[in-house]
Amino acid sequence: MISYSKIKVHIDLDALADNYNLLKKFGPEIIPVIKSDAYGHGLGRVAGRLEKEGADKFAVGFVHEAADLRDSGCSGTIISLLGPQDADDHERLKKGDIIPFVGHFDTLRALAASQEKPLDVSIKFDTGMSRLGFTQAQVPELIEFLRANPMINPVMASSHLAVADEPDGSEITGSQIEVFKSAVSALRESGYAVRANLANSAATLEHKDCLCDMQRVGIALYGCNPFAGTSWEKHVEGLRPAMEVTAPVMHVHTLGKGRGISYGHTYVADRDRTVAVVGVGYADCYSRGLSNTGHMNFDGVRVPIVGRVCMQMTCVDVSGVEAAGKSIKVGDEIHLLGGPGQGKITPEELAGWWKTITYEVFCVLGMNRRIYI
Ligand SMILES: *Cc1c(COP(=O)(O)O)cnc(C)c1O
């Protein structure tokens with residue numbers, strides 16, 4: 001595929017490994033969640049490194065992601081959080097080395113009909129997220145179904161938390177725990193020795209009562225604090241973001257006092273300014289919402305975006321670079337995320353300017369991944 005992008009996504013696999021080893025201290029069996037290309041960090045590379053650190057189970061989204069991960073050489077247990085969607089997925093599952101989440105009778109029936117030997121599955125419960133999963137009321141019917149269909153072999157039970165990252169969400173989380181525990185007990189009392197998993201990053205770090213046999217951890221692995229911006233922010237220390245993103249400087253010039261820049265002239269220089277035109281834009285998933293809002297980091301100096309972010313270009317005011325005794329020229333790399341010194345752009349900050357969350361910043365900027373460092 002031809003790359004139209006000049007931006008580079010750098011992944012520090014040592015940071016990922018350190019985060020994983022730190023998280024292992026919080027509860028038994030940390031399962032790295034590496035759906036959506038490991039949150040943009042690169043499925044095969046991330047799994048390969050974490051396997052070296054001792055990880056032997058991984059969670060991805062769709063079944064085809066699980067098949068890709070297996071093809072990349074992963075020898076661990078692979079879980080598909082979204083389960084089978086179509087006949088191709090049923091074929092992929094026939095090998096029996098992927099454990100799908102299953103949360104609906106239709107899916108169970110289709111699996112029972114398509115598989116040639118018993119298939120290990122994780123029974124997914126809806127305990128409050130209201131997206132996918134068996135409800136509490138369906139548990140008796142579920143157990144009846146399992147008794148009648150030995151082709152389905154429940155080895156795990158799962159659910160997902162809606163507000164574990166919110167300090168005032170304890171009541172909802174508490175009710176989710178209660179519903180989950182009762183569903184797990186019902187399965188176990190019926191003879192199904194399921195291994196329970198409920199916690200995401202936030203719950204693993206903060207809600208000891210959510211810790212079960214296994215925990216599914218995503219965002220914290222990539223170095224983000226799930227409580228950023230809340231009163232629990234200080235509860236998490238030592239995680240290091242693994243992704244940095246750079247783009248090249250294409251042009252540097254003076255923007256004279258009174259002159260406007262970029263579409264709509266939404267920025268007009270209040271005095272002579274030095275601006276750099278950077279080779280990144282919304283076509284590279286660098287949101288137009290960052291216009292006149294975000295900053296980049298050049299050699300440790302914060303430089304503000306001036307004017308509108310365009311399709312493949314963004315302008316920044318680099319007057320501060322000269323003031324700091326540094327110089328900037330065509331061909332230099334500038335950081336959109338991360339970078340050296342005091343100017344480091346954190347994922348939380350970039351997400352804030354972008355009015356989104358770190359998960360989205362990683363996933364969309366990660367789509368530009370071309371090289372790894
Ligand atoms: C994405 C996901 C996780 C990981 O969530 P984080 O907040 O990134 O830790 C865990 N479980 C399920 C079902 C998920 O979809």
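Just so it is clear, the values below take in all heavy atoms, side chains as well, and ignore hydrogens, waters and symmetry mates. All figures in this text were calculated on a predicted structure; none of them were measured in a lab. Remember, it's 1-based here, ligands and their atoms both numbered in the order they're listed. Heads up: numbering here begins at 1 and tracks the sequence.
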Return the closest protein heavy atom for [atom] as residue, atom name and distance.
atom	value
atom 9 (O) of ligand 1	Ser201 OG, 2.5 Å
atom 12 (C) of ligand 1	His160 CE1, 3.3 Å
atom 7 (O) of ligand 1	Tyr359 OH, 2.7 Å
atom 11 (N) of ligand 1	Arg216 NE, 2.9 Å

Min heavy-atom dist Tyr222 to ligand 1 below 4.0 Å: no
Sub-4.0 Å atoms of ligand 1 with respect to non-hydrogen atoms of [X]:
X	answer
Tyr39	1 (C), 4 (C), 5 (O), 6 (P), 8 (O)
Lys35	1 (C), 2 (C), 3 (C), 14 (C), 15 (O)
Ile219	6 (P), 8 (O), 9 (O)
Asn200	5 (O), 7 (O), 9 (O)

Test of proximity, Gly218 against ligand 1: N or O pairs below 3.5 Å: yes
Ligand 1 N/O within reach of Lys124 N/O, cut-off under 3.5 Å: no
Salt-bridge present (Glu53, Lys24; N to O < 4.0 Å): no
NZ/NE/NH1/NH2 to OD/OE distance under 4.0 Å, Lys94 and Glu116: yes
Ring geometry between His253 and His251 (parallel below 30°, tilted from 30 to 60°, perpendicular above 60°): tilted
Geometric class of the Trp232/Phe227 ring pair [parallel <30°, tilted 30-60°, perpendicular >60°]: perpendicular
side-chain contact (heavy atoms from CB on, under 4.5 Å) involving Arg188 - partner list, sequence neighbours excluded: Val184, Val194, Ala196, Asp213
Donor on one side chain, acceptor on other, Ser5 and Asp284, under 3.5 Å: yes
Over 12 non-hydrogen atoms of neighbours within 6.0 angstrom of CE in Met313: no
Donor-acceptor contact below 3.5 Å, side chain Ser159 vs main chain Phe125: yes
